[in-house]
Amino acid sequence: SQWGEENLQALSIQEGEDVTMNCSYKTYTTVVHWYRQDSGRGPALIILIRSNEREKRSGRLRATLDTSSQSSSLSITAAQCEDTAVYFCATEAGSFNKLTFGAGTRLAVCP
Amino acid sequence: GPKVLQIPSHQIIDMGQMVTLNCDPVSNHLYFYWYKQILGQQMEFLVNFYNGKVMEKSKLFKDQFSVERPDGSYFTLKIQPTALEDSAVYFCASRRGYEQYFGPGTRLTVL
């Protein structure tokens, strides 16, 4: 498959903590998307990092991309309760930009 | 932000019946996608559609599946006949630029 991690991971942290989620991919891509998915809703793009960028920041989010190891990470600083969601990474391929998603990380912040 | 709508939100049908899932994409978007997500697993690409044609499809897009967008109305996914393994949440997405906007999904249960 496209991704090294096949199963949905689960993380539980306290409000105010920092967290990092990792993805590794197997085939070439020029961009990695990070999506969050809230319960009962579709995925929403939160940050996108291109192959010519090593790091991208957006508010409390930070994405990194290492094309040599074909891995990407998403960090959230000072997590808040509303950060509770499932986070997916996805690569783009083909002329029409089909997305290939990883299994995702279910992040729980707050009890 | 731009919204993609999906109708219905839930559908329960008997195996062998036909079902049509409807997607109302963002109005000025040009590219349309269907993805399938089985509970607890990653979302998987089914098909993309542009200029009235299927551009790319995955092996999950069986012969029983078809898509169309007649006269710029709903973008539909039809399954005829349905099978038990078609039970999943189906997400529609549309795109004009680099970002795919996802709908909330239709949960299909085949009995």
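A, B, ... follow the sequence lines: proteins, then strands. Residue 1 opens every chain. Source: prediction; values computed, not measured.
Around CZ of A:R106, the count of heavy atoms belonging to other residues, nucleotides or ligands within 6.0 Å does not exceed 12. More than 12 heavy atoms of other residues, nucleotides or ligands sit less than 6.0 Å from atom CZ of A:R62. Surrounding NZ of B:K3 are at most 12 heavy atoms belonging to other residues, nucleotides or ligands under 6.0 Å away. Around atom NZ of A:K56, more than 12 heavy atoms belonging to other residues, nucleotides or ligands sit under 6.0 Å away.
Inter-residue side-chain proximity for A:K98 and B:K57 is flagged as unmet; no heavy-atom pair is nearer than 4.5 Å. A heavy-atom distance below 4.5 Å is not found between the side chains of A:R41 and B:F91.
Of the atoms belonging to B:R95, it is side-chain heavy atoms, and not backbone ones, that fall under 4.5 Å from chain A. For A:F96, the parts lying under 4.5 angstrom from a heavy atom of chain B are both the backbone and the side chain. Both the backbone and the side chain of B:Q100 come within less than 4.5 Å of a heavy atom of chain A.
Taking the six-membered ring for Trp and the full ring otherwise, the centers of A:F101 and B:F45 sit at least 6.0 Å from each other.
B:Y50 and B:V54 are not part of a single hydrophobic cluster, where members link through side-chain heavy atoms under 4.5 Å apart. There is a path of hydrophobic side-chain contacts, each under 4.5 Å, that joins B:V19 to B:W34. In the hydrophobic clustering of ILVMFWY residues, with side-chain heavy atoms under 4.5 Å counting as a link, B:F102 and B:L5 come out apart. The same ILVMFWY cluster, assembled from side-chain heavy atoms under 4.5 Å apart, contains both B:M15 and B:L77. Under a hydrophobic clustering in which Ile, Leu, Val, Met, Phe, Trp and Tyr are joined whenever their side-chain heavy atoms come within less than 4.5 Å, directly or via other members, B:L46 and B:L108 fall into the same cluster.
The structure places CG of A:L99 at 7.0 Å from OH of B:Y33, a figure rounded to the nearest 0.5 Å.
With respect to B:Y98, the side chain to side chain contact (heavy atoms under 4.5 Å, CB included) criterion is satisfied by exactly one of A:N97, A:V31, A:L45: A:L45.
The minimum heavy-atom distance between A:P43 and B:M43, with the atom names listed, is CG-CE, 3.3 Å.
Of all residues in residues 79-86 of chain B, none places a non-hydrogen atom less than 4.5 angstrom from a non-hydrogen atom of chain A.
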